Amino acid sequence: MRTTAQWQAADAAHFLHPFTDHGALARQGARIITRADGIYLWDSDGRRILDAMSGLWCVNAGYGQRALIDAAAKQLAELPFYNAFFQTATPPAIELAELLAEVSPPQFQHVFFTGSGSEGNDTVLRMVRRYWQLLGQPQRQVVISRINAYHGSTIAGASLGGMSAMHAQGGLPIPGIVHIEQPHGWLHGRPAGLDREAFGLQAAAWLEHKIVELGADRVAAFIGEPVQGAGGVIVPPASYWPEVQRICDRHGILLVSDEVICGFGRTGRWFGCETMGARPDLMTFAKGVTSGYVPLGGVLVGERVARVLIERGGEFAHGYTYSGHPVACAVGAANIRLLRELGVVERVHADLGPYLAEQFAALAAHPLVGEAQICGLMGALQLVRDPASGAPFPAELEFGMVCRSHCFANGLVMRAVGDRMIVAPPLVITRAQIDEMVALIRRCLDLSLDDARRNRWLG
Ligand code: PXG
């Protein structure tokens, strides 16, 4: 086995990482993760780390699940690959399609498989435009999305997403994609005189304004994450999604729920749209479908769209080599069965989610925390200079990164999105492990507060 320094040198010499400043990486050296079990990781120096991010929001069933490992090994030995083109199928892809229809809301009976969430959203863009073309309304091309949304990193995914730093690198978004503001009350300064639910209705109305401005007959679909994940776990007011649904219905526009993070139990239901009270026509999924053990994504296609594609569509000229990959689908099927057997989704809903919410409510009293939000087992702490006024730290301090460094040093993985500290632990976490996680978070907040005091950064 190589030493950590040897791994780091080889890494810096050859491996271009995603979303990484390679100058900084080469100077500091990558953290090398070598194994995992349950909710814990171990690095190449043998240090144990509590993975409060489920890898990258995906290891819903936790690490080391025998059922998933065995499903992959068995399928690799039996049939490691065959495609789903040219009127062919493999048993794992059929079984997973069947299981997905069972666990998703009743309008979903069909699935299109991809290799990732980004590819899933490319499929969404192709599919919604094809749908309207088949209905004789080819001018319905525009997809409305939201600022700060994350829908992936392919050309279509990054265009649908609302990340300005991504748009700035490479002339995005592509034509036909427009963005409205997100339902982020904190960012919008909790508009004076509006309570949370009234703000949710106002934020939904921004969608209707955009539809009217564009002309409804040009709009194909609206896409959104039930809870914006990579954008900082922005939990919308309860009034938001039902109102978005009404607006889409009123204008005949397709509603797409990007469930790549929220799917497979994260919010305490199988899909985030169920928690949020929406009835989408399409759902993008990835990550939690296999608990991240192997790459797999796809689009659940509601009957409104599926019937048109199947009955009037002829050939949909779209697909990927790995659409319905048998090993990925075998792991996906084993994962859904395991989540069911363990009753994971129900436990997040009835026990773990409310328990984490209680703990986060207590953290909200910490002198650095301006806002604490939880939905199921995803949560955010907004760090501020002054909780009373909500005054933020100056952006150039990158205070979230200060806190994140303390997390790393103390054996905890949290994500920093600006000054929002994020958790999304594996759904198999126990109450005792939530206590351990929250104690670590509190310690890291205290250490960050010491830094802020020492450097006179507080308001
Ligand atoms: N939609 C959503 C809602 C996502 O969160 C994708 C699509 C794209 O999936 P793939 O499988 O193509 O990556 C995602 C991915 C972060 C982070 O830092 C989040 C994601 C990916 C990478 C980093 O929070 N989400």
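Keep in mind that what you see is a predicted model, and the values were worked out from it rather than measured. Whatever order the structure lists ligands and atoms in, that order sets their numbers, starting from 1.
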By side chain to side chain contact (heavy atoms under 4.5 Å, CB included), which residues pair with [X], not counting sequence neighbours?
{"X": "Thr275", "result": "Thr267, Arg269, Cys375"}
{"X": "Ala416", "result": "Met401, Arg404, Met421"}
{"X": "Gln8", "result": "Thr4, Ile32"}

Which atom names give the shortest non-hydrogen contact between Ala424 and Ser54, and what distance separates them?
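Heavy atoms of Ala424 and Ser54 come nearest at O-OG, 2.5 Å.
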
Going by an N to O cut-off under 4.0 Å, is there a salt bridge joining Glu225 and Lys287?
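Looking at Glu225 and Lys287, the cut-off is not met.
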
Neighbour list for ligand 1 [protein residues, heavy atom under 4.0 Å]
Leu56, Trp57, Ser116, Gly117, Ser118, Asn121, Tyr150, His151, Gly152, Glu225, Ala230, Asp258, Val260, Ile261, Lys287, Arg415

Quick one, Gln107 and Arg279 - any side-chain contact, counting heavy atoms below 4.5 Å?
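Yes; the side chains approach each other to less than 4.5 Å.
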
